[in-house]
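Encoded as structure tokens, the structure appears first; notes follow it.
A note on names: the letters A, B, ... follow the listed sequences, proteins ahead of strands, and every chain is numbered from 1. Worth saying up front: this structure is predicted, and the values here are computed from it rather than measured.
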Number of protein chains: 2
Amino acid sequence: MPRVSQDQLDARRQEILAAARACFARHGYEGATVRRLEEATGLSRGAIFHHFRDKDSLFLAVAEDDAVTMVETVARNGLVQVMRDLLVRADAPDTAGWLGSQLEVSRRLRTDPAFAERWAQRSAAIAEATRDRLGRQRDAGVLRDDVPIEVLAQFLELAYDGLVLHLAMGRPAGDLNQVLDLVEEAVRRPEGGPASH
Amino acid sequence: MPRVSQDQLDARRQEILAAARACFARHGYEGATVRRLEEATGLSRGAIFHHFRDKDSLFLAVAEDDAVTMVETVARNGLVQVMRDLLVRADAPDTAGWLGSQLEVSRRLRTDPAFAERWAQRSAAIAEATRDRLGRQRDAGVLRDDVPIEVLAQFLELAYDGLVLHLAMGRPAGDLNQVLDLVEEAVRRPEGGPASH
């Protein structure tokens with residue numbers, strides 16, 4: 001058996017993640033059976049589960065990929081920018097499907113503490129990046145200062161969750177870009193005056 | 001066979017709806033098999049499907065019950081009040097589960113036009129009530145007038161969707177009451193000045 005370099009292992013891992021994402025998007029979490037994951041990746045279950053312990057681990061690894069990208073965007077441009085990026089990608093074939101497969105696990109999040117814990121790890125870094133950025137914006141004087149950072153963060157997260165559900169349900173984008181302007185305005189210091197009153 | 005009155009039929013129908021709601025909440029849409037629906041209602045599948053054509057119809061009838069209540073609350077107190085009511089009920093055992101079962105159908109909404117159409121009918125009346133109330137609020141001068149009603153309506157709907165996803169995922173209520181204050185403030189005419197600028 002030829003020796004496989006780390007680069008080749010990493011490349012193989014990325015190929016599996018991309019194929020798995022498309023498979024979850026198309027068939028949903030439950031519908032993405034091991035057989036379908038084999039077809040999507042062109043690999044045997046043995047090869048897939050050499051890289052990822054089981055289907056849960058593979059699913060969470062795809063979500064973890066999203067989380068890494070989100071943390072970078074949040075740190076640089078904020079959570080509203082993540083929403084605008086999502087809206088731009090709304091028409092891409094996999095976007096709604098992949099978001100939908102994430103919604104499908106809602107029952108497991110309530111009934112399977114181990115799964116919920118692994119899922120929560122994924123979002124903790126995003127939550128932290130959101131609060132860090134809001135803190136920097138407040139220091140820079142562009143954020144309203146009459147509402148705690150924590151409440152503003154949860155407000156933005158509520159809007160993000162709403163957008164995920166909207167797109168996952170396959171609804172049209174409508175006027176969501178203008179809606180995101182409202183979301184952004186609601187956390188900003190009002191123009192021409194102090195936010196405190 | 002004794003003759004059954006309309007009142008008895010209506011009462012039986014309500015019993016089935018309540019038991020089905022609990023069954024969907026507990027097992028999810030897919031997990032609420034006909035066998036489990038029989039156990040939950042204490043009725044045979046024949047008796048259940050005398051009242052509701054199939055499992056889809058039963059599921060949509062439970063959702064329709066919610067929609068009727070929502071339309072009444074929206075017309076009287078607005079969509080933010082619907083959200084506050086939902087937050088109060090967040091700890092009730094069935095709330096998160098029933099919301100979760102609604103998320104589970106996201107893939108069908110994208111892939112099954114007939115099902116999507118039946119689901120959309122349920123939300124059309126709520127959407128109309130939301131826009132009607134916003135129109136009345138604008139006439140009364142309490143709504144900001146620099147943003148179209150349609151955008152304000154979609155903003156409130158985004159927040160509602162976000163709350164549904166949040167609670168369905170079993171996350172804690174956190175500071176969501178204060179977040180809803182922000183949502184409400186964002187659509188109101190600012191105090192002490194005209195909204196237009």
Side-chain angles (χ1 to χ4, degrees), chain A residues 25-31 83 96-97 99-111 116 119-120 123 144 147-148 150-171 174-183 185-187 190-193 197, chain B residues 25-31 83 96-97 99-111 116 119-120 123 144 147-148 150-171 174-183 185-187 190-193 197:
Chain A
R26 178 159 177 206
H27 301 291
Y29 178 81
E30 295 294 341
M83 295 187 238
L99 295 174
S101 71
Q102 295 181 54
L103 304 196
E104 220 186 308
V105 302
S106 63
R107 197 174 57 83
R108 285 211 39 217
L109 288 173
R110 291 192 308 279
T111 57
W119 185 265
S123 41
R144 64 189 294 170
V147 175
E150 181 56 30
V151 174
L152 297 179
Q154 290 182 27
F155 170 80
L156 293 177
E157 286 162 353
L158 191 80
Y160 174 77
D161 285 343
L163 185 63
V164 166
L165 183 51
H166 184 105
L167 298 178
M169 294 294 190
R171 294 191 214 127
D175 301 316
L176 282 178
N177 256 315
Q178 283 170 267
V179 170
L180 293 182
D181 292 343
L182 275 187
V183 169
E185 185 200 278
V187 301
E191 283 171 48
H197 47 241
Chain B
R26 179 161 177 201
H27 301 291
Y29 178 82
E30 294 294 340
M83 295 187 238
L99 296 174
S101 71
Q102 295 180 54
L103 305 195
E104 220 185 308
V105 302
S106 62
R107 197 173 59 82
R108 283 206 45 211
L109 289 173
R110 292 191 309 278
T111 57
W119 186 265
S123 41
R144 63 189 294 169
V147 175
E150 180 56 31
V151 174
L152 296 178
Q154 290 182 27
F155 170 80
L156 293 177
E157 286 162 353
L158 191 80
Y160 175 78
D161 285 344
L163 186 64
V164 166
L165 182 52
H166 184 106
L167 298 178
M169 294 294 191
R171 293 192 214 126
D175 301 316
L176 283 178
N177 256 314
Q178 283 170 267
V179 169
L180 294 182
D181 292 342
L182 275 186
V183 169
E185 185 201 275
V187 300
E191 283 171 49
H197 46 241

Point-to-point distance, once rounded to the nearest 0.5 Å, from CG of B:Asp181 to CZ of A:Phe155: 11.5 Å
Top contributor to chain B interface from A:Leu180, A:Val105, A:Val151 [non-hydrogen pairs under 4.5 Å]: A:Val151
Most chain A-contacting option - heavy-atom pairs closer than 4.5 Å, from B:Ala96, B:Ser101, B:Gly170: B:Ala96
Choice from A:Val187, A:Asp175, A:Thr111 maximising heavy atom contacts with chain B below 4.5 Å: A:Asp175
Spacing of B:Asp161 atom CG and A:Leu158 atom CG [to the nearest 0.5 Å]: 9.5 Å
Pick from A:Arg107, A:Gln154, A:Arg171, A:Glu104 with the largest number of heavy-atom pairs that fall under 4.5 Å of chain B: A:Gln154
Between CG on residue B:Leu167 and CG on residue B:Leu103, distance to nearest 0.5 Å: 10.5 Å
Residue, of A:Val147, A:Val164, A:Leu109, that accumulates the most heavy atom pairs under 4.5 Å with chain B: A:Leu109
For chain A, the option from B:Gly28, B:Ala25, B:Gly97 that forms the most heavy-atom pairs under 4.5 Å: B:Gly97
Note, A:Val179 side chain near B:Glu157 side chain (heavy atom, < 4.5 Å): no
Part of B:Leu176 lying under 4.5 Å from any heavy atom of chain A: both
Best-contacting candidate, A:Ala116, A:Pro148, A:Gly31, A:Ala168, against chain B by heavy atom pairs under 4.5 angstrom: A:Ala168
Closest approach of A:Gln102 to B:Met169 (non-hydrogen atoms, all atoms of both residues): O-CE, 3.7 Å
Between A:His27, A:Arg108, A:Arg26, the one whose heavy-atom pairs under 4.5 Å with chain B are most numerous: A:His27
Spatial distance of atom CG (B:Asn177) from atom CE (B:Met83) [nearest 0.5 Å]: 11.5 Å
